[in-house]
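Below, read A as the first sequence line, B as the second, and so on, with proteins coming before strands; counting in each chain starts at 1.
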Amino acid sequence: MFEYEVPANGLDLGLCVSSGQVFRWREHDAPKVYIGADGDNWYRVDASDSDLLRVTSNAGKASFERLFRLDIDAGAVKAAILGRGPELGAYMDLLPGLRLLRPSDPVEAFICFLCTPNNNVARISKMVAHLASFGPMLESSFGLQRFPEALVVASIPEAELRARGFGYRSATIPRAARALVERGGRDWLDNLKGAAYAKAFEELQSIPGIGPKLADCIALFALHHTLATPVDTHLWQAVVRVYHPEWNGKSLTDGRYRQIGEFMRERFGEYAGWAHQYLFYENLLNWRAR
DNA sequence: TACGGACCTTTC
DNA sequence: AAAGGTCCGT
């Protein structure tokens, strides 16, 4: 077990772990104290001091820094985004401390995002927690379990998930997990990690239940393809508002989906996925009020 | 290529 | 009514 202190460098951990990039973190004993699981690793983070994170974990500092991309200077990233897209300045100001995360286990991220279509974050987190209950214990005093392998998820009976309120995803989640196993499971995902973004985007959609939006989520968060810009209902609303008011009232078609991705990649380059996070999360937080 | 509807359940 | 969609019909 490790205990270490990490300079926050502006990172708002609570904001990051509730921004829909990961689903396995929660506030634990006290305000601003979080526990979470990420692949083989568990963390307890006391973020009550905004400048210094106090971490307890089974993993060393390097793993923690990778997860939150603390090796990257967020100020420089924000400056680059601002230089290419001044229109995002207001969004970045509203969400200081938001970072693009880098989850360590592609299988875990793949399956977690299978829970997200046509769903809401509260319910997604509950479903993810139930799936995690099929995995081995990671840390017993917090009750954190390692996320199960794809083969385990593929073997969960549909009725079991139906009884747990998974709805039609009771069939789609194990089916997609099975399709992942058939393609080679973790090795297949690792291979796509090394492939070009466009290749990963296409290949992922060969799995039943994975369309363009999930393919981009998985490319971004499981495979760390930072060119990926998942276009969900929130990013769509933000794009219509900021860039394409003439699309007001129209629907998100495949053509417009591709157009938005190409635009974001051209404008923000390798920071496209990071930039997308500001537009997405601001809209998620504020859409009801609009 | 674009648009509608179905699909589970929960929450606003 | 809508949720971090996808699929299948027109």
Could you tell me the separation between the [atom1] atom of [X] and the [atom2] atom of [N], rounded to a whole number of Å?
X: A:Asp232; N: C:dA2; atom1: CG; atom2: P; result: 15 Å
X: A:Leu252; N: C:dG5; atom1: CG; atom2: P; result: 10 Å
X: A:His130; N: B:dT9; atom1: NE2; atom2: C1'; result: 15 Å
X: A:Tyr168; N: B:dA6; atom1: OH; atom2: P; result: 13 Å
X: A:Asn118; N: B:dT10; atom1: CG; atom2: C1'; result: 11 Å
X: A:Ile124; N: C:dA2; atom1: CD1; atom2: C1'; result: 13 Å
X: A:Asn119; N: B:dC12; atom1: CG; atom2: P; result: 13 Å
X: A:Lys126; N: B:dC8; atom1: NZ; atom2: P; result: 18 Å

Side chain of A:Asn120 only, heavy atoms from C-beta on: which candidate in C:dG5, B:dT10, B:dC3 is closest?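 For the A:Asn120 side chain, the nearest candidate turns out to be B:dT10.
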
Looking only at the side chain of A:Pro212 (C-beta and beyond, no hydrogens), which of the listed nucleotides C:dT6, C:dG5, B:dC3 gets closest?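 For the A:Pro212 side chain, the nearest candidate turns out to be C:dT6.
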
Please confirm whether any donor atom in the side chain of A:Arg288 sits under 3.5 Å from an acceptor in the base of B:dC12, or the reverse. no

With distance as the sole criterion, do the side chain of A:Arg123 and the base of B:dT9 form a donor-acceptor contact below 3.5 Å? yes

Assess whether atom NZ of A:Lys193 is packed by more than 12 heavy atoms of other residues, nucleotides or ligands within 6.0 Å.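 More than 12 heavy atoms, drawn from other residues, nucleotides or ligands, come within 6.0 Å of this atom.
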
Please work out if [X] contacts a base, only the sugar-phosphate, or nothing of the nucleic acid, heavy-atom cut-off 4.0 Å.
X: A:Arg162; result: sugar-phosphate
X: A:Leu284; result: sugar-phosphate
X: A:Gln205; result: nothing

Look at the rings of A:Phe64 and A:Phe68 and say which category their plane angle falls in: under 30° parallel, 30 to 60° tilted, over 60° perpendicular. tilted

Side chain to side chain, A:Leu192 and A:Tyr197, heavy atoms closer than 4.5 Å: no

When the C1' atoms of B:dA2 and C:dA3 are considered, how many whole Å apart are they? 23 Å

B:dT9 and C:dC8: how far apart are their C1' atoms, nearest whole angstrom?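 Here B:dT9 and C:dC8 have their C1' atoms 22 Å from each other.
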
Assign each of A:Ala122 and A:Arg256 to its nearest nucleotide of DNA chain B by heavy atoms, then name whichever residue's nucleotide is nearer the 5' end.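 Comparing both residues, the 5'-ward one is A:Arg256.
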
By nearest nucleotide on DNA chain C, pick out whichever of A:Gln21 and A:Ile210 is the more 5' one.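 That would be A:Gln21.
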
B:dC8: pairing nucleotide in any strand, Watson-Crick or G-U under 3.5 angstrom: none

Does B:dC3 have its OP1 or OP2 closer than 4.0 Å to a side-chain nitrogen or oxygen of A:Ser251? yes

Is the cationic atom of A:Arg256 (NZ for Lys, CZ for Arg) positioned less than 6.0 Å from the six-membered ring centroid of A:Trp247 and within 45 degrees of its normal?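 Judged by the rule, A:Arg256 and A:Trp247 form a cation-pi pair.
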
Please report the interatomic distance CG(A:Leu101) to OG(A:Ser19), rounded to the nearest 0.5 Å.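 Going from CG on A:Leu101 over to OG on A:Ser19, the span is 6.0 Å.
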
Roughly how far apart are A:Glu266 CD and A:Leu227 CG, rounded to 0.5 Å? 12.5 Å

